[in-house]
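One structure is given below, encoded as structure tokens.
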Amino acid sequence: MAKVEVGERLSKIRHSMSHVMAEAVLEMFPSAQIAIGPSIDNGFYYDFDLPRQLVADDLEEITERMRAIIAENKPFVRTVVSREEAQRMFAEQTYKLELINAIPEDEEVSLYSVGEFTDLCRGPHVESSKELKADAFKLMSIAGAYWRGKETNPMLTRIYGTAWTNAKELRLYMQHLEDVEKRDHRKLGKDLDLFSLHEEAGPGLVYWHPMGARIRQAIESFWRDEHYANGYEMVYTPHIGKSWLWETSGHLGFYKEGMYPPMELDKSDYYAKPMNCPFHIMIYNNSKHSYRDLPFRWAELGTVYRYEKAGAMHGLMRVRGFTQDDAHLFVTPAQMQEEILEVLRFSLHMLKSFGFTEINAYLSTMPEKAVGDPKRWADATEALREAIEAEGLSYEVDEGGGAFYGPKIDLKVKDAIGREWQLSTIQFDFNEPERFNMTFVDSDGVEKRPYMIHRALLGSLERFFGVLIEHYAGAFPPWLAPEQIKIIPVGENFFNYAKELEKRLRKEGFRVSADLGDDRMNAKIRNAQQLKIPYMVIIGEREAEGDLVSVRYRSGKQENGVATEAFIASVKATVASKEQL
RNA sequence: GCCCUUGUAGCUCAGUCGGUAGAGCACCACCAUGGUAAGGUGGGGGUCAACGGUUCAAAUCCGUUCGAGGGCUCCA
């Protein structure tokens, strides 16, 4: 999430803070077993095996003890000992012994001591606990964590803390956390009545309410227009299919536990689709293709179902049923380079249209276990790299991080508060064309294998919606806002005029409604404001007589006595430009 | 799945020592007819997640189940 660049000093502070915490915990529980305590993104943690469960009040006591230790201004002292000596010193500490035994022979075994507390540690640390500020850390939470992250290992108690160089930084970080909480799409989804999830009707399955559906419509129609404009065709395919499809694609072999279980019909097993590709291949293989016909670019907003573990689901971000903005490109080897560049450009264009300006690329290359011709792997990987470089994107390479069936580019965007989200993915597939025996007839009359590229630009609509909600904190730019304009008459006498104006604006294509409730105008403004509606149009006698509107923007900015036609033109321009207001 | 936290009205939450359920918002009705972030009065609405136990008495204590939130990647 929020990756703050952690300077070396800060990571020393955090790491040292974790030692101070371990000392405090050992004071309270002399019999505690201590495991590991590193510095992490925004703070530190330490894992313990404790004689009893911790409660929230314990964190206060630990905090107090930590402050006392910090106040003693004790030095952090590093010593190097022999392996045997270390084993003797930590004879009572089973986790430490395991760690000591895991240190490679050629590395020295170092200890850090602060006051009474000595810990096996690579370091580095601050010189003295006086570099730690008693008011610049906070213990955040208690969590369970498996020893070394393995499910089969014992569960330890982990205490998370955050630590900074001074109190002001801590305060800013706490504010950041508050901001994150305010933007939470689950909270905004409720407040703005956008979507819901229903345990009793199936966990991880999303219900789009009318206001959420309006946003989805705006996304989808833009998406469709752009795809047609970029040489794509739309296809629609079934939601279920016989096991033959998944046996052929190979998914039943390695992905079965990620699929909804089969339903039996007419002595066949049908599965809900976890991906759309085999269906698109069915269309491809329905007839013979010449190299002259390629490339095909077939897109579908395809809803797929995957079994996510109960603990893994999270709002809209991780669900069991979602709609991929999927497309498959079937191209000749000669077209491959150009197609990759185009799809990357298209992807960047789409992301930028949604207000994401900071975009990073991640290139994943051939893993050890891979299918397909190594020459094809090399060509495809090179095409991906060249496309990234042609677009001047900054990128990281994940060597050997590709799927077994092909290399890929992932695009991650940074949102309004600096968090990174993976949205687009462009992947080669050397597996399915082979398994489904896809061919095209080349200019020499020989049947050849096409390149197949999967790509999703927004990822899944559900997740993308969640990211958008958080990015905009629910205040959508006018082109996406579910309600663009709220008409607020100053009193009942102007209800008729409000209705006329509503009709007129709706004819202009705006998502608009008039508030004809019996609230006072003040309350209506407040309601519209809380729904983050971008334009509030206030009308009374002056406006009705002069064909004017008084516009109150979501920002609080005010423009009175605007000619209605001028207002319409201005909103249209803002919508067309996709600007945020 | 496992660990911690948690579950009271549509939403946000209060409920002490066990004594039989409350507030604000939302909703409904009536009054008020208004100029830039909540007008007034009244009303309806809850098997206190479920089940079991302790007790004269359970939202409250104990147990089990279910759900939700956070964590289970950061390496001595």
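Chain naming here is simple, since letters A, B, ... match the order of the sequence lines and numbering starts at 1 in each.
- Distances shorter than 4.0 Å separate none of the side-chain N or O atoms of A/Arg14 from OP1 or OP2 on B/C74.
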Secondary structure of RNA chain B in dot-bracket form (Watson-Crick or G-U wobble, distances below 3.5 Å, | marking inter-strand pairs): (((((((..((((.....[..)))).(((((.......))))).....(((((..]....))))))))))))....

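- Here A/Arg318 pairs with A/Glu308 under the salt bridge (Lys or Arg N to Asp or Glu O under 4.0 Å) rule; sequence neighbours left out.
- If you look at A/Phe44 and A/His15, their ring centroids are not closer than 6.0 Å.
- Rounding to whole angstrom units, CG of residue A/Leu531 and P of B/C11 are separated by 17 Å.
- Here the two rings, on A/Trp164 and A/Phe137, have centers that are 6.0 Å apart or farther.
- Take A/Lys557 and apply the salt bridge (Lys or Arg N to Asp or Glu O under 4.0 Å) test, not counting sequence neighbours, and it matches A/Glu559.
- Distance alone, capped at 3.5 Å, places no donor-acceptor pair between the A/Arg158 side chain and the A/Ala145 backbone.
- The residue A/Glu543 sits close to a base: some heavy atom pair falls under 4.0 Å.
- Taking atom C1' on both B/U47 and B/G7, the two are 15 Å apart, rounded to the nearest angstrom.
- Aromatic ring centroids of A/Tyr497 and A/Phe495 lie 6.0 Å or more apart.
- A/Glu181 comes within 4.0 angstrom of nothing in the nucleic acid, heavy atoms only.
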Please tabulate, for the side chains in residues 530-546 of chain A, all donor-acceptor contacts under 3.5 angstrom to protein atoms that are two or more places apart in sequence or on a different chain.
from: A/Glu543; atom 1: OE1; to: A/Gly540; atom 2: N; distance (Å): 2.9
from: A/Glu543; atom 1: OE2; to: A/Ser550; atom 2: OG; distance (Å): 2.6

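- Comparing the same atom, P, in B/G10 and in B/A50 gives a spacing of 13 Å after rounding to whole Å.
- For A/Arg552, the side-chain atoms get nearest to B/U36 when compared with the rest of B/C2, B/U36, B/G35.
- A/Ser18 contributes atom OG, which lies 7.5 Å from atom CG of A/Asp119 (distance to the nearest 0.5 angstrom).
- Distance check on atom C1': B/A37 versus B/C25 gives 15 Å, rounded to whole Å.
- Mapping A/Gly491 and A/Ala143 onto RNA chain B by nearest heavy atom places A/Gly491 at the nucleotide closer to the 5' end.
- Interface residues of residues 553-563 of chain A facing RNA chain B, ordered by number: A/Gln558, A/Asn560; criterion, heavy-atom separation under 4.0 Å.
- When the salt bridge (Lys or Arg N to Asp or Glu O under 4.0 Å) test is applied to A/Glu358, the partners found at least two apart in sequence or on another chain are A/Lys414.
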Measure all distances between protein nitrogen or oxygen atoms and nitrogen or oxygen atoms of nucleotides 39-47 of chain B, and list the pairs falling under 3.5 Å.
from: B/G39; atom 1: O4'; to: A/Arg520; atom 2: NH1; distance (Å): 3.2

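- Not less than 6.0 angstrom separates the ring centroid of A/Trp421 from the ring centroid of A/Phe464.
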Shorter than 3.5 Å, N or O on both sides, protein versus nucleotides 24-29 of chain B: list them out with atom names.
none

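- Heavy atoms of A/Met521 sit under 4.0 angstrom from primed sugar atoms or phosphate atoms, though from no base atom.
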Worked check of side chain to side chain contact (heavy atoms under 4.5 Å, CB included) between A/Glu502 and A/Arg506: CA-CA 6 Å; A/Glu502 181 188 352; A/Arg506 189 162 288 150; 2.9 Å; yes

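- Remark: A/Lys74 NZ is packed, more than 12 non-hydrogen atoms of other residues, nucleotides or ligands lying under 6.0 Å away.
- Atom C1' of B/A38 sits at a distance of 27 Å from the matching atom of B/A21, rounded to the whole Å.
- Judged purely by atom type and a 3.5 angstrom limit, A/Arg320 has no side-chain atom pairing as donor or acceptor with the backbone of A/Gly204.
- Taking the six-membered ring for Trp and the full ring otherwise, the centers of A/Tyr160 and A/Tyr45 sit less than 6.0 Å from each other.
- The distance from atom CG of A/Asp398 to atom NZ of A/Lys408, rounded to the nearest 0.5 Å, is 8.0 Å.
- With sequence neighbours excluded, the residues satisfying salt bridge (Lys or Arg N to Asp or Glu O under 4.0 Å) with A/Lys187 are A/Asp191.
- Toward the 5′ end of RNA chain B lies the nearest nucleotide of A/Ile525, the other residue of the pair A/Ile525 and A/Gly37 mapping further downstream.
- Annotation: A/Gln175, atom CD; neighbour count of heavy atoms from other residues, nucleotides and ligands within 6.0 Å is above 12.
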A/Tyr112 and A/Thr118: CA distance, side-chain angles, deciding distance, side chain to side chain contact (heavy atoms under 4.5 Å, CB included) verdict: CA-CA 6 Å; A/Tyr112 274 86; A/Thr118 297; over 6 Å; no

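- Side-chain atoms of A/Tyr45 stay outside donor-acceptor range of the base of B/G71, with no qualifying N/O pair under 3.5 Å.
- At whole-Å resolution of the value, CZ in A/Phe495 and P in B/G35 are 14 Å apart.
- Less than 4.0 Å separates RNA chain B from at least one heavy atom of each of the following residues of residues 82-97 of chain A: A/Lys96.
- Contacts of A/Thr157 with the nucleic acid, taken as non-hydrogen atoms under 4.0 Å apart, are absent.
- Heavy atoms of A/Ala528 sit nowhere under 4.0 angstrom from any nucleic acid atom.
- Between the NZ atom of A/Lys532 and the C1' atom of B/A37 there is a distance of 13 Å, given to the nearest Å.
- The CZ atom of A/Arg463 sits 11.5 Å away from atom CG of A/Leu468, with the distance rounded to the nearest 0.5 Å.
- Rounded to whole Å, the P atom of B/U16 lies 39 Å from the corresponding atom of B/C30.
- Nucleic acid contact for A/Lys524: none, since no nucleic acid atom lies under 4.0 Å from a heavy atom of the residue.
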With the criterion being N/O to N/O and under 3.5 Å, what pairs connect the protein with nucleotides 66-69 of chain B, and how long is each?
from: B/G67; atom 1: O3'; to: A/Glu199; atom 2: OE1; distance (Å): 3.1
from: B/A68; atom 1: OP1; to: A/Glu199; atom 2: OE1; distance (Å): 3.1
from: B/G69; atom 1: O3'; to: A/Arg186; atom 2: NH1; distance (Å): 3.2

Show which side-chain atoms of residues 26-35 of chain A pair as donor or acceptor with protein atoms under 3.5 Å away, not counting sequence neighbours.
from: A/Glu27; atom 1: OE1; to: A/Arg65; atom 2: NH1; distance (Å): 3.0
from: A/Gln33; atom 1: OE1; to: A/Thr94; atom 2: N; distance (Å): 2.9
from: A/Gln33; atom 1: OE1; to: A/Thr94; atom 2: OG1; distance (Å): 3.0
from: A/Gln33; atom 1: NE2; to: A/Glu92; atom 2: O; distance (Å): 2.8

